[in-house]
Amino acid sequence: MASGTVDLERFVRDALLRDLPRTDIQNSMLEAGWTPAQAKTALSAFVDSDFPIPVPKPRPYLSAREAFLYLVLFSALYLTAFHLGSLVFDLIDRALPDAAARIGTWRADSMRFSASALLVGFPLLVFMSWYINRGLALDPVKRLSAVRRWLTYLTLFTAVTILSGDLIALVYNLLGGELTVRFMLKVATVAVIAGALLGYYLLDLRQEERE
């Protein structure tokens with residue numbers, strides 16, 4: 001933590017010990033040149049309660065064990081999402097073959113590999129989700145895991161990037177007059193998978209903020 005932030009939180013703690021109103025403390029920080037976000041963050045580090053001394057809130061932390069659990073969880077998530085999309089793409093190509101494309105054994109191999117990956121990755125994803133959520137239910141403070149937050153935002157960034165690329169491809173082919181049922185089904189597949197990930201983790205972050 002930066003020394004400036006430590007000094008600011010120490011100031012807030014001393015001011016709360018003197019039973020000064022939070023609005024006055026915040027205004028004094030703003031007058032001293034601190035930004036509204038910095039002042040709000042410093043105040044939010046302590047619980048707003050009637051306890052005679054300031055009570056600090058739990059902080060984000062880093063645990064090697066939880067880093068391992070979340071890395072396994074998100075690796076299984078990415079594995080499942082990628083091979084689900086790959087399998088659906090292969091099924092679309094098989095149902096609506098491109099006459100100009102060269103057909104070989106690679107499609108069957110690709111489908112078999114994606115199915116194998118899903119048979120391993122999806123059960124692992126379900127188990128890790130259950131195991132981690134059980135721990136969060138017993139100890140909600142674990143939601144402050146720094147690894148969990150970083151991987152969650154990385155997943156949101158990846159989902160938004162994929163959705164943007166999907167939309168760009170749709171508009172590009174629309175402007176070129178090259179839209180086909182086969183292409184539209186693939187665009188919809190990518191949109192559904194990436195959109196589901198984006199929606200799920202946005203709701204998860206909102207739940208975390210409420211808690």
Side-chain angles (χ1 to χ4, degrees), residues 65-137 142-143 145-209:
R65 178 178 178 275
E66 292 190 359
F68 166 75
L69 293 177
Y70 281 112
L71 285 172
V72 174
L73 171 67
F74 281 90
S75 295
L77 174 66
Y78 299 149
L79 180 71
T80 300
F82 176 82
H83 284 285
L84 176 61
S86 177
L87 182 61
V88 174
F89 273 31
D90 288 335
L91 291 173
I92 293 173
D93 288 338
R94 187 169 184 176
L96 301 170
D98 186 356
R102 182 179 177 183
I103 301 177
T105 58
W106 64 267
R107 184 170 297 157
D109 292 339
S110 175
M111 293 177 66
R112 184 165 62 250
F113 185 78
S114 293
S116 301
L118 287 174
L119 288 173
V120 175
F122 182 71
L124 179 61
L125 173 63
V126 172
F127 172 76
M128 293 303 299
S129 297
W130 168 82
Y131 184 80
I132 291 175
N133 287 332
R134 185 185 66 169
L136 293 178
K142 289 183 177 181
R143 285 185 171 274
S145 169
V147 175
R148 177 178 179 274
R149 289 189 171 189
W150 273 101
L151 290 176
T152 297
Y153 280 106
L154 176 62
T155 301
L156 290 175
F157 171 76
T158 303
V160 170
T161 302
I162 292 174
L163 283 173
S164 300
D166 195 43
L167 183 59
I168 291 172
L170 176 63
V171 173
Y172 176 81
N173 282 271
L174 177 63
L175 294 177
E178 299 176 0
L179 288 181
T180 62
V181 175
R182 184 167 169 267
F183 174 77
M184 291 297 296
L185 289 174
K186 290 185 176 182
V187 168
T189 299
V190 173
V192 168
I193 295 175
L197 293 177
L198 180 64
Y200 176 82
Y201 283 103
L202 282 176
L203 290 175
D204 187 61
L205 288 175
R206 289 180 181 175
Q207 179 182 351
E208 175 183 322
E209 292 175 355

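- Atom OG of Ser145 is separated from atom CZ of Arg65 by 11.0 Å, given to the nearest 0.5 angstrom.
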Checklist entry - How far apart are the C-alpha atoms of Met128 and Leu77, what are their side-chain angles, what is the distance that settles it, and do they pass the side chain to side chain contact (heavy atoms under 4.5 Å, CB included) test? => result CA-CA 10 Å; Met128 293 303 299; Leu77 174 66; over 6 Å; no

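- A search for side-chain contact (heavy atoms from CB on, under 4.5 Å) contacts involving Thr189 returns Val88, Phe89, Ile92, Ile193, not counting sequence neighbours.
- Considering only heavy atoms from C-beta on, Ile162 stays 4.5 Å or farther from Leu197 through its side chain.
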Item to complete: With side chain to side chain contact (heavy atoms under 4.5 Å, CB included) as the test, would you mind laying out the steps for Phe68 and Val147 before giving the verdict?
Response: CA-CA 9 Å; Phe68 166 75; Val147 175; over 6 Å; no

task = List the steps, then state whether side chain to side chain contact (heavy atoms under 4.5 Å, CB included) holds for Leu170 with Met184.
result = CA-CA 8 Å; Leu170 176 63; Met184 291 297 296; 3.6 Å; yes

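- A donor-acceptor distance shorter than 3.5 angstrom exists from the side chain of Asn173 to the backbone of Ala169, with no hydrogens or angles considered.
- Test Leu73, Leu136, Leu69 against Arg148 for side chain to side chain contact (heavy atoms under 4.5 Å, CB included) and you get one pass: Leu136.
- For Asn133 (side chain) and Ser129 (main-chain N/O), a donor-acceptor pair under 3.5 Å exists by modelled atom type.
- A distance of 3.5 Å separates CZ in Phe157 from OG1 in Thr161, rounded to the nearest 0.5 Å.
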*Step by step, would you call Leu96 with Leu185 a side chain to side chain contact (heavy atoms under 4.5 Å, CB included)?*
CA-CA 10 Å; Leu96 301 170; Leu185 289 174; 3.8 Å; yes

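- Relative orientation of the Trp130 and Phe127 rings is tilted, given thresholds of 30° and 60° on the angle between their planes.
- The distance between the ring centers of Tyr201 and Phe74 falls below 6.0 angstrom.
- Taking each heavy atom of Val187 and Asp166 in turn, the nearest pair found is O-OD2, 2.8 Å.
- How far OG of Ser110 is from NE2 of His83: 8.5 Å, rounded to the nearest 0.5 Å.
- The closest side-chain donor-acceptor pair between Tyr78 and Thr158, if any, does not fall under 3.5 angstrom.
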task: Apply the test salt bridge (Lys or Arg N to Asp or Glu O under 4.0 Å) to residues Arg112 and Asp90: give CA-CA distance (whole Å), side-chain angles for both, the deciding distance (0.1 Å), then the verdict.
output: CA-CA 10 Å; Arg112 184 165 62 250; Asp90 288 335; over 6 Å; no

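- Two residues are said to be in side-chain contact when any heavy atoms from C-beta on lie closer than 4.5 Å; Phe122 and Leu84 fail this criterion.
- A distance of 5.0 Å separates CG in Leu174 from CG in Leu179, rounded to the nearest 0.5 Å.
- Judged purely by atom type and a 3.5 angstrom limit, Ser86 has no side-chain atom pairing as donor or acceptor with the backbone of Phe82.
- Contact detail for Leu79 and Gly121: the closest heavy-atom pair is CD2-CA, 3.9 Å.
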